[in-house]
Trainee: 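Handing you a structure now.
Just so we're clear, the structure is a prediction, and the values are computed from it rather than from any experiment. Scope of the values below: all heavy atoms of this structure, side chains included, with no hydrogens, waters or symmetry mates.
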Amino acid sequence: MSTNVLRTADGWWVVRNDRAIRIDTKAVTTAELLADRTAVSEAAVSGEAGTRVAGLVALSPVTTPCRVVAQMVNYRSHARDSGFTGDIPPAFFRKASGSVSGPHESIVRPAHVKFLDYEIELGLVMGASLPVGTVVEERDLPSYVAGLVITNDVSAREVQLTKTQFYESKSYPTFTPTGPYLTLLEPEDFAHLLDLRLKLSVNGDLRQDRTLGDMIVRPAQALTLLARFQTLDPGDLLLTGTPGGTALKAPPKAVEKIGALLPPALKWKAFFKSQAKNPHYLGHGDLITATIATPDGRVDLGEQRTPVTDAT
């Protein structure tokens, strides 16, 4: 069975139901914790009563600096929402590690951003180095992936679209909420990955709800493709794409064809004028709730609750 690990300012904890057992480790980073699995195992079987989880303040279980890599358009439902048809070539982009924040910290919307969007994603936390040229088969996943986290690939859409700039639009501080738990997997848990269901709500309104079965490129293939040009190390984070249901959606084909005839500045002005009527973009005071779990609870990554606030 999987083991949920919580990180606080005081250290690392194994979570059992509503209690947390401190891990006797000197680890500071995620990579150091993953190298001290004996201490994690000892805490998991400890007979201590532990501390109430509700009394602990969770930090991101992925420590920085680290590599943060993300897959683009990797769910069929998201591809439909984005107006893609036919085969979609796999694509990756980087996010700044400084965008990683805790599971209950506020997402801060920069003053120049009007179209702030959410993207729940399953994060893979590397447990071993992935050298360039590595080929990862499904059976190899336990050798490279230590655990899973909930992530939210928050996006400034006007920056992403008008500047075709993924790195900037997704890398502002607090734009990658992560956690609450680092869910460490046993080899047999990997057989249940496709059962994981991703759910994201805004103010109680369910916006995204899909299982990994909707994925286009699954984790083993994604790591193989990434390893063609990118090394990953323990503690690095791979975001594996988001399902449909984000605020941003492609315009109808007829409108898209008309827009293609306009100069870029006029096209984007018209597009965002229409987007301004979309109530699903995030604003000050919104509360995002995100969960990822299998139906039977065998793998449960906890619940992420992040309010949205405006920069001051």
Trainee: Between Val145 and Phe190, is there a side-chain heavy-atom distance shorter than 4.5 Å?
Mentor: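 Sidechains of Val145 and Phe190: in contact.
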
Trainee: Please say yes or no: joined through hydrophobic side-chain contacts below 4.5 Å, possibly via intermediate residues, are Leu198 and Val154 part of one cluster?
Mentor: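 Linked, Leu198 and Val154 end up in one cluster.
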
Trainee: Side chains of Thr291 and Leu301, heavy atoms from C-beta outward: is any pair under 4.5 Å?
Mentor: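 No, side chains not in contact.
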
Trainee: How about Gln160 and Arg157: does a side-chain donor come under 3.5 Å of a side-chain acceptor?
Mentor: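 Looking only at side-chain atoms, Arg157 and Gln160 do form a donor-acceptor pair, the distance falling under 3.5 Å.
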
Trainee: With rounding to the nearest 0.5 angstrom, report the CD1 to OG1 distance, Ile107 to Thr306.
Mentor: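 Going from the CD1 atom of Ile107 to the OG1 atom of Thr306 covers 3.5 Å.
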
Trainee: Using salt bridge (Lys or Arg N to Asp or Glu O under 4.0 Å) as the criterion, list what pairs up with Arg52, not counting sequence neighbours.
Mentor: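 Salt bridge (Lys or Arg N to Asp or Glu O under 4.0 Å) list for Arg52, sorted by chain: Asp18.
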
Trainee: For a side chain to side chain contact (heavy atoms under 4.5 Å, CB included) check, start with the C-alpha distance between Leu200 and Gln304, then their side-chain angles and the critical distance, and finish with the verdict.
Mentor: CA-CA 9 Å; Leu200 181 143; Gln304 184 180 108; over 6 Å; no

Trainee: How about Thr25 and Trp12: does a side-chain donor come under 3.5 Å of a side-chain acceptor?
Mentor: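 Per modelled atom types, Thr25 and Trp12 side chains form no pair under 3.5 Å.
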
Trainee: For residues Leu212 and Arg197, determine if any side-chain heavy atom of one lies less than 4.5 Å from a side-chain heavy atom of the other.
Mentor: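 No - every pair of side-chain heavy atoms lies 4.5 Å or more apart.
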
Trainee: What's the shortest heavy-atom distance between Val5 and Ile23, and which atoms?
Mentor: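 Between these two residues, the closest heavy atoms are CG1-CD1, 4.1 Å.
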
Trainee: Arg22 side chain to Asp10 main-chain N or O, any donor-acceptor pair under 3.5 Å?
Mentor: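 Flag set: sc Arg22 to bb Asp10 pair under 3.5 Å.
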
Trainee: Do Val40 and Ile21 belong to the same hydrophobic cluster, where Ile, Leu, Val, Met, Phe, Trp and Tyr are linked whenever their side-chain heavy atoms lie under 4.5 Å apart, directly or via other members?
Mentor: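 Val40 and Ile21: separate clusters.
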
Trainee: Is the backbone of Tyr167 close enough, under 3.5 Å, to the side chain of Gln165 for a donor and an acceptor to pair up by distance?
Mentor: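 Yes, Gln165 side chain to Tyr167 backbone: donor-acceptor pair under 3.5 Å.
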
Trainee: Can you tell which of Asp140, Val217, Val136, Leu130 makes a side-chain contact (heavy atoms from CB on, under 4.5 Å) with Thr224?
Mentor: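 Of the listed residues Asp140, Val217, Val136, Leu130, the side-chain contact (heavy atoms from CB on, under 4.5 Å) partner of Thr224 is Val136.
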
Trainee: Indicate the atoms forming the closest heavy-atom contact of Ser99 with Ser171, along with that distance.
Mentor: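 It is CB-O, 3.7 Å.
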
Trainee: Which pair of non-hydrogen atoms, one from Ala20 and one from Trp13, has the smallest distance, and what is that distance?
Mentor: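 For Ala20 and Trp13, the tightest heavy-atom pair comes out as O-CE3, 3.7 Å.
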
Trainee: When rounded to the nearest 0.5 angstrom, what distance separates OG in Ser82 from NE2 in His78?
Mentor: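 The NE2 atom of His78 is 4.0 Å from OG of Ser82, to the nearest 0.5 Å.
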
Trainee: Do you know which two heavy atoms are closest between Ser77 and Gly244, and how far apart they sit?
Mentor: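 Result for this residue pair: OG-N, 2.8 Å.
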
Trainee: Looking only at side-chain N and O atoms, does Arg207 offer a donor or acceptor that is under 3.5 Å from a partner on Tyr118?
Mentor: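 Yes, Arg207 and Tyr118 have a side-chain donor paired with an acceptor closer than 3.5 Å.
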
Trainee: Is the backbone N or O of Gly213 less than 3.5 Å from a side-chain atom of Thr211, with the two atoms forming a donor-acceptor pair by type?
Mentor: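 Checking the backbone N and O of Gly213 against the side chain of Thr211, a donor-acceptor pair under 3.5 Å is found.
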
Trainee: Would you call the rings of Phe115 and Tyr281 parallel, tilted or perpendicular, taking 30° and 60° as the class edges?
Mentor: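 Rings of Phe115 and Tyr281: perpendicular, as their planes differ by over 60°.
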
Trainee: Is a donor on one side and an acceptor on the other found under 3.5 Å between the side chain of Glu32 and the backbone of Thr29?
Mentor: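 Such a contact is found between Glu32 side chain and Thr29 backbone.
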
Trainee: In sequence, state the C-alpha distance, the side-chain angles, and the governing distance for Ile150 and Thr178, and then conclude on side chain to side chain contact (heavy atoms under 4.5 Å, CB included).
Mentor: CA-CA 6 Å; Ile150 300 172; Thr178 305; over 6 Å; no

Trainee: Whether the side chain of Asn74 engages the backbone of Thr240 through a donor-acceptor N/O pair (distance < 3.5 Å, no angle test) should be reported.
Mentor: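 Yes, the answer is positive, given that a donor and an acceptor are paired below the 3.5 Å cut-off.
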
Trainee: Would you compute the distance between atom CG of Asp195 and atom OG1 of Thr294 and round it to the nearest 0.5 angstrom?
Mentor: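 If I round to the nearest 0.5 Å, the distance is 7.0 Å.
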
Trainee: Return yes if some donor-acceptor pair links the side-chain N/O of Arg16 with the main-chain N/O of Ser46 below 3.5 Å, else return no.
Mentor: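 Between the backbone of Ser46 and the side chain of Arg16 there is a qualifying donor-acceptor contact (under 3.5 Å).
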
Trainee: Check the pair Arg298, Asp189 against side chain to side chain contact (heavy atoms under 4.5 Å, CB included), reporting the backbone distance first and the verdict last.
Mentor: CA-CA 8 Å; Arg298 178 190 181 97; Asp189 294 324; 2.9 Å; yes

Trainee: Kindly give the heavy-atom pair with the smallest separation between Ala111 and Ala311, and that separation in Å.
Mentor: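 Smallest heavy-atom distance, with atoms named: N-CB, 4.3 Å.
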
Trainee: Out of curiosity, does Val299 fall in the hydrophobic cluster containing Val15 (side-chain heavy atoms, cut-off under 4.5 Å, transitive links)?
Mentor: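 Val15 does not cluster with Val299.
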
Trainee: Any chance you could measure Leu239, atom CG, to Asp153, atom CG, to the nearest 0.5 Å?
Mentor: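 It comes to 6.0 Å.
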
Trainee: Walk me through it: do Ile216 and Ile88 pass the test side chain to side chain contact (heavy atoms under 4.5 Å, CB included)?
Mentor: CA-CA 9 Å; Ile216 298 170; Ile88 301 171; 4.0 Å; yes

Trainee: Between Ser60 and Val62 (side chain of the first, backbone of the second, donor and acceptor by atom type, cut-off under 3.5 Å), is there such a pair?
Mentor: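 Such a contact is found between Ser60 side chain and Val62 backbone.
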
Trainee: Report yes if the side chains of Lys249 and Asn278 come closer than 4.5 Å at any heavy-atom pair, otherwise no.
Mentor: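 Side-chain contact under 4.5 Å: no.
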
Trainee: Looking at Val53, Thr3, Asp300, which hits side-chain contact (heavy atoms from CB on, under 4.5 Å) with Tyr181?
Mentor: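 When side-chain contact (heavy atoms from CB on, under 4.5 Å) is applied between Tyr181 and each of Val53, Thr3, Asp300, only Val53 qualifies.
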
Trainee: Consider only side-chain N and O atoms of Thr176 and Lys95, and report whether a donor and an acceptor are under 3.5 Å apart.
Mentor: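 There is such a pair (donor and acceptor under 3.5 Å, judged by atom type) between the side chains of Thr176 and Lys95.
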
Trainee: Is there a donor-acceptor contact under 3.5 Å linking the side chains of Thr183 and Asn4?
Mentor: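 Yes, a side-chain donor-acceptor pair sits under 3.5 Å.
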
Trainee: Between Leu287, Leu282, Asn203, which is the residue that forms a side-chain contact (heavy atoms from CB on, under 4.5 Å) with Val308?
Mentor: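 Of the listed options, the one satisfying the test is Leu282.
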
Trainee: Quick test of your reading of the model: are Lys163 and Glu168 salt-bridged, counting only N-O distances below 4.0 Å?
Mentor: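 Result for this pair is yes, salt bridge flagged.
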
Trainee: Measure the spacing between CG of Asp310 and NE2 of His284 and express it to the nearest 0.5 Å.
Mentor: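 Reported to 0.5 Å precision, the distance equals 6.0 Å.
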
Trainee: Checking side-chain contact (heavy atoms from CB on, under 4.5 Å) against Leu148, which of Val125, Leu196, Leu182 comes through?
Mentor: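 Answer to the side-chain contact (heavy atoms from CB on, under 4.5 Å) test with Leu148 among Val125, Leu196, Leu182: Leu196.
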
Trainee: Please lay out, stage by stage, how Ser106 and Thr309 fare under the test side chain to side chain donor-acceptor pair (under 3.5 Å).
Mentor: CA-CA 6 Å; Ser106 294; Thr309 187; 5.6 Å; no

Trainee: Under a plain distance cut-off of 3.5 Å, with no hydrogens placed, do Thr242 and Gln208 share a side-chain donor-acceptor pair?
Mentor: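 A donor-acceptor contact under 3.5 Å links the two side chains.
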
Trainee: Are Val149 and Met126 co-members of a hydrophobic cluster defined by side-chain heavy atoms under 4.5 Å apart?
Mentor: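 Different clusters.
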
Trainee: For Asp24, look at atom CG and say whether over 12 heavy atoms of other residues, nucleotides or ligands are found less than 6.0 Å away.
Mentor: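 At most 12 heavy atoms, drawn from other residues, nucleotides or ligands, come within 6.0 Å of this atom.
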
Trainee: Determine whether Glu138 and Leu141 make a side-chain contact, defined as any pair of heavy atoms from C-beta on separated by less than 4.5 Å.
Mentor: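 Yes, close enough: below the 4.5 Å cut-off.
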
Trainee: Is Thr151 reaching over with its side chain to a backbone N or O of Glu121, donor-acceptor style, under 3.5 angstrom?
Mentor: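 Yes, the answer is positive, given that a donor and an acceptor are paired below the 3.5 Å cut-off.
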
Trainee: Quiz question: by atom type and distance under 3.5 Å, do the side chains of Lys170 and Ser155 form a donor-acceptor pair?
Mentor: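 Short answer, yes.
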
Trainee: Can you give me the closest heavy-atom contact between Phe93 and Gln71, atom names plus distance?
Mentor: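 So the two residues come closest at CE2-O, 4.0 Å.
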
Trainee: So, the side chain of Gln230 versus the backbone of Ala227: is there a donor-acceptor pair under 3.5 Å, distance only?
Mentor: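 Here the side-chain-to-backbone pair does not exist.
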
Trainee: Could you tell me whether the side chain of Asp117 and the main chain of Ala247 form a donor-acceptor pair under 3.5 Å?
Mentor: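 Present.
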
Trainee: Do Val14 and Val28 sit in one hydrophobic cluster, given that two such residues count as connected whenever their side-chain heavy atoms are within less than 4.5 Å of each other, even indirectly?
Mentor: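 Different clusters.
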
